[in-house]
Amino acid sequence: MYEHDLILMSALIFAPAAFGLGCLLLPKSWLEFTRWFALTGSVVTLILSLILLVDYYNRLDFHRGPKTLNDHSSLLEARVDEAARRASLELPGSREGYDCYASVPWVEKFNINYEIGVDGLSLPLIVLTTIIFVVSVLASWSIQENIRVYFAFLLILETGVLGVFHALDLFLFYVFYEVMLIPMYFLIGLWGGARRKYAAMKFVIYTLVGSVLLLVAIILLSFVEVRDYFDKSMVDTTAAIRKRESPNLVESDARSMRTFSIPVLQRVGQVAMLELTGQAHRIAAKPKSEGARTPRWDPKPRPDGQIELLGREVSTGEAKSRRADDPIYKSSYQYLIFILLFVGFAIKVPLIPLHSWLPDAHVEAPTPISMILAGVLLKLGGYGIFRIAYPICPYAAHELSGWIAGLGAFAIIYGALVCLGQTDFKRLLAYSSISHMGYVILGLGAWTGGGAWQYWAWAMNGAVYQMIAHGITSAAMFFIVGVVYERAHHRDLNGLGGLWASMPFFGGVALLLFFASMGLPGLCGFVGELLVVLGAWKFSPLLTILAILSTVLTAGYLLWAWQRVFLGTNPNTAHYPDLSLREAIILLTLLLLAIALGVFPQTLVLNWSEGSITGLAESLSLLTR
Amino acid sequence: MFSNLLRDCQLALPELILSGAIILFLLARLFSTVRRLQIVVPAVIGVAIALGISIDSWSEIASRSQLAFGGLLRFDGFGLFTRIFLLLATMVTLLTGLMTGIPDREDSADYVTLLLGSTVGLMFLASSHHLLMLFLSAEMASLPAYALTGFFKGKRKGSEAALKYVVYGSAASGVMLYGISLVCAVTASASFSELQRVIYIDRDNLNLNGLIGAVLIFVGLGFKLAIVPFHFWGPDAFEGAPAEVAGFLSVASKGAALAITARFLLALVGPYSFENAYINMIVTGIVLGFTGTLTATFGNLMALKQTNLKRLLAYSTIAHAGIMLLAMIPLQNRAMAPILYYLIGYLPANLGIFAAIALIRNHMNSEAISTLAGLGTRSPAIAAALTFFLLSLLGLPPLVGFITKFQIFVSIYEMGALTGGLDLLKIISISVLVIAGLNTAIGAGYYLKLIKYMYLHESPPEAPKIPLHLGYQIFFAILVGTVVGLGIMIDPVTKLTRLAANSLEVIWK
């Protein structure tokens, strides 16, 4: 059933691009048909992502015991290990079906694989992406110029985003990460507002700088000697093949292994952390085969405190001596790589002081693109830190966690304060995104090690939930601006007002969505913030109090903005028509999601996402003493 | 003896076919009936035959390197790869000429003979195994190129460019010849394998004159590569030459020069062994690292402020030559594989850009960057193709420019990372990497500027649309397909380049 996963996930990744290229082939005059075609493409993608979700859910249901939350079925590393072990058998065993993981060789020289897989961390973001793209295609009906190219770029962008969320190979990750750059450049630069050239260029330069940092980190990581992290039998086979090809190869060169695989490099980082904190005795090899049966690997520590991080039958002593001269196990390298990765992703989040591209990009981008930018693209930064920066460099992440949490709290407050001073509706929302994404960083930074790891697990779950909630509310908010802009043709908060009288239905829906963004209980914004704050309290009460206090600011600027737009009387806005059917569908969908996610967080998301995220928090936390 | 000659001729069959074609085309002018024929099509056929034969001989030549013509030429996988690359570049250049009609019926024979003559020279240059052959083939490649540069007879800029190119070129040839004579005097031979033997076995005979000679030869090659500070001819020649010729100069002539530089430097450092490897790497690391980073940075910075498209591309070519020079720093056979990949990825992108420039020139009679304004709406097909080519040169995945740059960066880092305790090498490799990375960011400045002009600027009111026949749409589509395909299907080409690089093993006589 190996092909099932490969085909389903690849179809999900590439379906949008296929429809996007299809758009280019349509005749120019088929305007309406092009729109429906693009909508079909995004809906097909949404359906595929839901099928993947059902697969994943079934998998958890089928394998998971009633008590354990994060066992091998929800932990990606364990699934990857199992798949690699089966593939390396003399007679490759049948792959387990529906395990939502696939790997195909791509560039053999560098051991680069087309390695994709999902878990409770990436899957919510994938579903969010497909939903937001459907909604923004609907929101794109008002785009009139050159729509074939517009939808082509939009859908290729979706392929890039979905590829990033699926990729488990750093090289593949980087390729998809860069694929997003050019469509976004054109979408802002061609369909944007007055200062679009400036905003598009600024976006590209910031993003390029971030990805150059990533590339350097990836090249550094690709030189790590990882033979001790693969099963001995697999290294033996590889060495035998290499020797057959070039007989005069030195034994140690033949056995040398490099990788771009995130799950493997993750274990390297964990070993480095144990080594650097003086706990080298806790490093153990994976369980050996007992006869024909090989026990499953459990990434969690054994009862005696040892953690199985090395490959099967690898001698811990030899591995230790090999680690002695590898620079990756030095703290300076860990810091270097972590900072490269963290800064690279923080530009995308965006974290203060690397945020200044975002307000410009938002203000100039057309409405649907703003929705995607805030709803999906910002999440890539957070996801990258979750998936790559933290697991691969846990040592540096732990040492710097105070700074990171501080930066997160600072972003929350700073973003909210700047919001208070804005008069441009979109610019205000851009800064509110910065403030909201601060919660994600705060949740990540609140690393309470050792026995108190459950608190961090809450905070991490909260951070992921916050990304989803912010994805939905921010997309809705930017659409609200779009609705207002289409009628008023400006976004100056001081020139609006009185919309409640002319557009009562719109005003009501908007108010509820403003509440959701504010984080009122019963709506989606509340759950994420609450979980983050609960978890972060244990780490630093001071930062938590600051974060809680800033919700007052959030309520302040959002309500004030709503008031300036909807209340009062204004003869200029009196004739505005209320929402059209299409606009109402978009806003009601998002509102429905905001309410549903606020009322049933456990049933809808946490049930299947919690296992992986808690597992990540646990496996990292237990590395500390 | 005679059977040897037959075998050697067989090895050099593609070159002989091209030479035969040249003679045929020259003779054709004598007959009034064929004088007016467009000669480009038969030339394309001739190149295609040579290409077919070269590709066909791959498995035989790549598996066994051999010397031919009394050791003047060396036929191995590396040389064959370069020759195939050169033939492909010539083919694309000829097709571009056919599309833009630059050689019209009147002068197509001149154009084709000059172009093919230069190609034959370049092919011999890439296979040279002897300093004399190096000099002769470099001259053979250059003389037609001088004439091609001034191919627009009525244009002052063209004549000026050709003159500049000739003056610089002959000065460089003189310097190289002097260097060759010095080296010959010291080593009593000019064959590459003899050089290696003298340097690594009879070290006692070496003296300063030999070193000076080697440096002078390197200067001569540096002129061909247009590396700083021997680059001055480049922008002027490119600006004055027809875009078709400029593309040929920037791709084919650069590729062959790079191949022979690799051969020459490998001959100087000799076979890889532990005693000399580190010293070599440090020396070449400093020399190549310095000139390479200087060239890349200078080229990129100068390209930023150009207003003429071909001048901008000339500086971009200089910058790319710098990067390729950096790729040679690890000076081992296997380090040459990424260079070959780089060349093969550079070919479709750069020739495609020059073809597009030629088309634009035909319709707008100008080559300023401003002619691109609004191209995205006027001629969406050309603009889209140009976007792919420019992004590939910039090095964005999943286009081929990314994987080539990635391989070079990895190979440079590998040199520093895998040599144990030698900190100096590490410092060299890291600093080279940092500068090369920064250069990518500078490059974004001007490549994206061109894209910005095409899509974000309003097209001038009188600007014409540029029609593109179906055949040439396919031509551009194939080039774009190559740029994308080579960036995704990485393994097959990597295997070929590695095989080619491994074939550089020394042959001791």
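Chain A is the first sequence line, chain B the second, and so forth, proteins listed ahead of strands; every chain is numbered from 1. In this text the structure is predicted, and so the values were computed from the model without any measurement.
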Self-check item: For the student: nearest non-hydrogen atoms of B:Thr494 and A:Lys109, plus distance
Solution: CG2-CD, 3.7 Å

Quiz prompt | Portion of B:Ile403 that has a non-hydrogen atom of chain A nearer than 4.5 angstrom | solution = side chain

Quiz item: CZ/A:Phe110 to CD1/B:Ile490 distance, rounded to the nearest 0.5 angstrom?
Solution: 9.0 Å

Exercise. Please flag which part of B:Thr387 lies under 4.5 Å from any non-hydrogen atom of chain A: side chain, backbone, both or neither.
Key: side chain

Quiz prompt | Distance (rounded to the nearest 0.5 Å) between A:Leu215 CG and B:Lys405 NZ | solution = 10.5 Å

Quiz prompt | Gap separating the NZ atom of A:Lys197 from the OH atom of B:Tyr453, nearest 0.5 angstrom | solution = 9.0 Å

Exercise. Verify the neighbour count for atom CZ of B:Phe388: are there more than 12 heavy atoms of other residues, nucleotides or ligands below 6.0 Å?
Key: no

Self-check item: Gap separating the OG atom of A:Ser222 from the CZ atom of B:Phe406, nearest 0.5 angstrom
Solution: 5.5 Å

Quiz item: Side chains of A:Leu220 and B:Tyr413: does their closest heavy-atom pair fall under 4.5 Å?
Solution: yes

Quiz item: If you look at every heavy atom in A:Glu108 and B:Asp491, which pair is closest and at what distance?
Solution: N-OD1, 2.8 Å

Quiz item: Where along residues 153-166 of chain A does a heavy atom come under 4.5 Å of chain B, listed by residue number?
Solution: none

Quiz item: In Å, rounded to the nearest 0.5 Å, how long is the span from CG of A:Leu208 to CG of B:Leu396?
Solution: 6.5 Å

Quiz item: So what's closer than 4.5 Å to chain B heavy atoms on A:Val149: side chain, backbone, both or neither?
Solution: neither

Exercise. Determine, stepwise, if the pair A:Val216 / B:Phe409 fulfils side-chain contact (heavy atoms from CB on, under 4.5 Å).
Key: CA-CA 9 Å; A:Val216 174; B:Phe409 285 8; over 6 Å; no

Quiz item: Does CZ in B:Arg378 sit with more than 12 non-hydrogen atoms of other residues, nucleotides or ligands closer than 6.0 Å?
Solution: yes

With a 3.5 Å cut-off and sequence neighbours excluded, list the donor-acceptor pairs that the side chains of residues 175-192 of chain A form with protein atoms.
{"unit_1": "A:Glu178", "atom_1": "OE2", "unit_2": "A:Ser211", "atom_2": "OG", "d": "2.8"}
{"unit_1": "A:Trp191", "atom_1": "NE1", "unit_2": "A:Glu145", "atom_2": "O", "d": "2.9"}

Quiz item: Do you know which of B:Pro398, B:Gly376, B:Gly487, B:Gly437 has the most heavy-atom pairs under 4.5 Å to chain A?
Solution: B:Pro398

Exercise. Give, as side chain, backbone, both or neither, the part of B:Leu433 having an atom under 4.5 angstrom from any heavy atom of chain A.
Key: neither

Quiz item: Is atom CZ of A:Arg322 surrounded by more than 12 heavy atoms (other residues, nucleotides or ligands) closer than 6.0 Å?
Solution: yes

Quiz item: Would you say the ring centroid of A:Phe171 lies under 6.0 angstrom from that of B:Phe402?
Solution: yes

Quiz item: Counting only N and O atoms by type, is there a donor-acceptor contact under 3.5 Å from the side chain of A:Trp106 to the main-chain atoms of B:Ile488?
Solution: yes

